[in-house]
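All of these numbers come straight from a predicted model, not from anything done at the bench.
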Amino acid sequence: MKRIAAFFDVDETLIKMKSMFHFYQFWCHCRQRQHEYNAFNERFITALSQGAKREELNRMYYRQLSGVYIDELYQEGENWFNKFLKKDEIYISSAIDAFYKHQTYGHLTVFISGSMLPLLKPLGRHLGVDVILCTQLLLNKEGKLTGEIDEPQTIGEGKKKALIPFSYSQHIDLENSFAYGDDLSDVSMLEATGNPVCVGDNTNLAAYARRNNWEILTESAHIY
């Protein structure tokens, strides 16, 4: 028997931040290396302005963590979550409402994000998500990050590339499943299901959603 799933992008879909960048600023602040964050931010903005592809920008980020022990990253991910993501106002209430409704219906809930497991795991535990599809960090024999990541990258088209084989392996009925995102880069992932949902009503994705008669969730300002 096939199952119904609800796939959720995370950053600016469930939470009102870009987790990777918020965490990296926290990481550098805790180590008194603000100059490192500022230098990276400047390089990132320059690369973005020069038209660097999203996949390369993503790799640029993870190379900043080369040489870090994975256990340390998990611990700091927990610390970051406890400091910032236990605040009610950080969540987008309309999307959180939808997430919990899917749980009530018995649907499989799935995070699908370009962020990494050390950040998504505590959030997933907090919300009770079933599965997390995210960036796979490559480690050396000592358990340190190499700075490189595995394919597929779970951003843009890579989200669909991760979603499809996962759905086949788990006998997911994609035509009756749901996907939630906030950005035009999520379109391929959203269109892989029969029920794409746009989070936020004043974006380029919202305009696309209106043209295609998709459901749109407004980004509620009230605290959930």
Side-chain angles (χ1 to χ4, degrees), residues 8-50 52-87 90-91 110-159 161-163 166 182-183 185-186 189:
F8 285 83
D9 171 53
V10 176
D11 294 356
E12 299 181 321
T13 294
L14 288 171
I15 58 175
K16 298 176 182 178
M17 64 164 65
K18 293 186 180 296
S19 60
M20 294 158 55
F21 292 93
H22 195 278
F23 170 77
Y24 187 54
Q25 188 170 25
F26 169 75
W27 172 272
C28 290
H29 174 76
C30 290
R31 286 155 181 74
Q32 298 184 330
R33 298 193 327 228
Q34 186 63 34
H35 65 282
E36 182 179 302
Y37 174 80
N38 293 340
F40 166 72
N41 197 46
E42 185 175 336
R43 291 198 308 276
F44 188 91
I45 291 172
T46 298
L48 184 63
S49 68
Q50 292 175 346
K53 294 182 178 179
R54 289 174 60 89
E55 290 78 7
E56 183 53 38
L57 293 172
N58 206 38
R59 292 187 185 280
M60 183 187 299
Y61 173 88
Y62 286 110
R63 286 172 182 147
Q64 290 296 116
L65 299 172
S66 177
V68 173
Y69 280 104
I70 188 63
D71 289 346
E72 181 183 6
L73 200 58
Y74 272 107
Q75 183 57 59
E76 287 292 24
E78 291 284 347
N79 294 340
W80 170 76
F81 171 81
N82 289 329
K83 185 174 178 63
F84 297 106
L85 271 70
K86 285 189 172 180
K87 300 175 181 179
I90 206 68
Y91 295 93
V110 183
F111 288 170
I112 183 162
S113 170
S115 192
M116 54 181 162
L117 195 57
L119 309 187
L120 296 171
K121 186 176 180 179
L123 175 63
R125 184 177 63 242
H126 181 66
L127 295 179
V129 76
D130 295 306
V131 178
I132 300 176
L133 302 178
C134 64
T135 295
Q136 300 298 304
L137 306 173
L138 297 180
L139 309 178
N140 64 20
K141 293 180 180 179
E142 298 177 330
K144 292 182 178 181
L145 275 68
T146 66
E148 300 303 321
I149 56 178
D150 206 356
E151 295 290 343
Q153 290 197 51
T154 42
I155 57 173
E157 288 288 332
K159 287 185 176 181
K161 290 179 181 178
L163 181 153
F166 168 79
D182 70 288
D183 190 84
S185 64
D186 294 323
M189 180 264 291

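Screening residues 113-138 for salt bridge (charged side-chain N to carboxylate O under 4.0 Å, His left out), with sequence neighbours left out, gives E78-R125. Identified under the salt bridge (charged side-chain N to carboxylate O under 4.0 Å, His left out) test for residues 28-39, with sequence neighbours left out: R31-E72, R31-E76, R33-E36. Listed by first and then second residue, the ring pair (Phe, Tyr, Trp, His ring centres under 6.0 Å) pairs that reach into residues 128-148 come to none, sequence neighbours excluded.
Taking E56 as the reference, R63 meet the salt bridge (Lys or Arg N to Asp or Glu O under 4.0 Å) condition, with sequence neighbours excluded. H126 is linked by a ring pair (Phe, Tyr, Trp, His ring centres under 6.0 Å) to F81, Y91, counting only residues two or more places apart in sequence or in another chain. Residues satisfying the side-chain contact (heavy atoms from CB on, under 4.5 Å) test with E12, not counting sequence neighbours, are K18, D182. Under the side chain to side chain donor-acceptor pair (under 3.5 Å) criterion, N82 pairs with K86, sequence neighbours left out. The side-chain contact (heavy atoms from CB on, under 4.5 Å) search around T154 returns T135, A162, not counting sequence neighbours. Qualifying ring pair (Phe, Tyr, Trp, His ring centres under 6.0 Å) partners for F44, counting only residues two or more places apart in sequence or in other chains: F21, F40. For Q32, the side-chain contact (heavy atoms from CB on, under 4.5 Å) criterion is met by no residue, not counting sequence neighbours. With sequence neighbours excluded, the residues forming a salt bridge (Lys or Arg N to Asp or Glu O under 4.0 Å) with E151 are R59, listed by chain and number. In terms of the side-chain contact (heavy atoms from CB on, under 4.5 Å) criterion, residue partners of K144 (sequence neighbours excluded) are, by chain and number, Y69, N140, E142.
For K16 and D11, the salt-bridge test fails: no basic side-chain N is under 4.0 Å from an acidic carboxylate O.
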